[in-house]
Amino acid sequence: MRIALFTETFLPKVDGIVNTLCRLLHHLEERGHPSILFAPRGGPERHAATEVVGLGGLPLPLYPELKVVNPLTDVRGRLDAFRPDLVHVLNPFFLGVAGVRYARRTGAPLVASYHTDVPGYSRRYGFGFLEGPLWRYIRWLHNQAALNLCPSSVTLRELEDRGVRNPRVWTRGVDTGRFSPEWRSAEMRGFLSGGHPEAPLLLYVGRVAPEKRVDWLADALEGVPGARLAVVGGGPGLERLRARLEGTPTVFAGYLRGAELAKAYASSDLFAFPSANETFGNVVLEACASGLPVVTADSGGVLDIIRHEENGLLFDAESRPGFVAAARRLVEDPELARGLGRRGRETALGRTWTAVLDGLMEDYARVARPAD
């Protein structure tokens, strides 16, 4: 199959969508499927065997890391030359519309994938009045696709309730060799704890932004006696969080990748993840694979991963005190924490990227070559 992909975000940005897409591009190369990717300009010209076509765009005012590409951008010449058997638009909003338009004009089979709870995030940013219009726009775009992929069963039910047709779960995998308790490092723990490796160490990995409710991390730090906090990642809320945590035992590690990220997970005591609008939660699965006990909200796609008191702790999604209490409980009960971390690792071992992406190839084939 010849696959044309459109994404609203790509390298050098680091997030769950980009990580998943990079895995997909390598898998397409391994399985011998030619591909081309259209993305905002600024990334590499090629990733794995895939040509990356960078298109000019403007930074999104509330989120300058994201670039808005004109949805009327003419991509037909490049696509006609490539001759795709299928078009896949990831999280279509701006640039993805160009892929939708091409598929409609040429009759190319169209797959869309839903990755981010933009309507829910609009509420977190104080723009709740946009939630309805955003869902209408998402429904209009996705209902032009033959197949709508989403990362979790919770998200699938949400899409069905919102009138999105033909949804199917495309879950996520994790590299349990890269993310493993074996990566525990005294040096990394010393760095993340600010030179106090004996203290309880809370870890957050992910986008530092209001929709992730990162300000709740300050409550957890204050509510767990003697604890220290490490924040891995960046985003539009970073400076505000720095100001909120000034004078506290917090280390801002910035973006970590590869072995350094794996060591950060494996060298901490618990993964504190206050976000309540995750469509999946890649970082939660990475923490589980690393044997790190997880505290997260009882909502969204993480419910496909975490079972309360079995392989993690869930708290009432709108309860700050609940988040703090769950973190404190794990610090005060090391035996519970070790058991949750061990069973979290067992959960992750059953989720390989190879199986996940081979399943996607089967979905692609059904859309690209429908039964007569």
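Quantities reported herein were computed from a predicted structural model and do not represent experimental measurements.
In this structure Asp316 satisfies the salt bridge (Lys or Arg N to Asp or Glu O under 4.0 Å) test with no other residue, sequence neighbours excluded. Take Arg31 and apply the side-chain hydrogen bond (donor to acceptor under 3.5 Å, both in side chains) test, not counting sequence neighbours, and it matches Asp358. Applying the side-chain hydrogen bond (donor to acceptor under 3.5 Å, both in side chains) criterion to Tyr265, with sequence neighbours excluded, gives Glu286. With sequence neighbours left out, Phe82 forms a ring pair (Phe, Tyr, Trp, His ring centres under 6.0 Å) with no residue at all.
Under the 4.5 Å side-chain heavy-atom criterion for ILVMFWY residues, a single connected hydrophobic cluster contains both Ile3 and Val356.
Using a 4.5 Å cut-off on side-chain heavy atoms (C-beta onward), Asp363 and Leu147 make contact. Considering only heavy atoms from C-beta on, Arg101 stays 4.5 Å or farther from Arg104 through its side chain. Here the side chains of His27 and Met361 are in contact, with some heavy-atom distance below 4.5 Å. In this structure, Phe179 and Val174 have side chains that are in contact, with non-hydrogen atoms separated by less than 4.5 Å.
A salt bridge links Arg242 to Glu239: one of the charged nitrogens lies within less than 4.0 Å of a carboxylate oxygen. Electrostatic pairing of Glu158 and Arg162 counts as a salt bridge here, judged by a charged N lying under 4.0 Å from a carboxylate O. With salt bridges taken as basic N to acidic carboxylate O contacts below 4.0 Å, one links Asp269 and Arg189. Salt bridge annotation for Glu309-Arg329: present, with a cationic side-chain nitrogen under 4.0 angstrom from a carboxylate oxygen. Between Glu51 and Arg46 there is no salt bridge, since no side-chain nitrogen of the basic residue lies less than 4.0 Å from a carboxylate oxygen of the acidic one.
In this structure, Arg139 contributes its side chain and Val164 its backbone to no donor-acceptor pair below 3.5 Å. Listed for the Thr20 side chain is a donor-acceptor partner under 3.5 Å among the backbone atoms of Gly16.
Between the side chains of Ser35 and Arg2, no donor-acceptor pair of N or O atoms lies under 3.5 Å.
A 6.0 Å sphere centred on CG of Leu349 holds more than 12 heavy atoms belonging to other residues, nucleotides or ligands.
Ring centroid separation for the pair Phe127 and Tyr121 does not come in under the 6.0 Å cut-off. Here the two rings, on Tyr364 and His33, have centers that are 6.0 Å apart or farther.
For residues 218-239, no pair satisfies ring-ring contact (aromatic ring centres under 6.0 Å, His included), with sequence neighbours left out. Pairs engaging residues 209-226 under the salt bridge (charged side-chain N to carboxylate O under 4.0 Å, His left out) rule: Arg207-Glu211, Lys212-Glu278, Arg213-Glu318, Asp215-Arg320, Asp219-Arg320, Glu222-Arg244 [sequence neighbours left out].
In this structure, Tyr137 and Phe93 have perpendicular ring planes: the angle between them is above 60°, well past the 30° mark. The aromatic rings of Phe10 and His47 stand perpendicular to each other, their planes meeting at an angle above 60°, with 30° marking the opposite boundary.
Stacking of Arg172 on the aromatic ring of Trp170 is recorded, both the 6.0 Å distance cut-off and the 45° axial limit being met.
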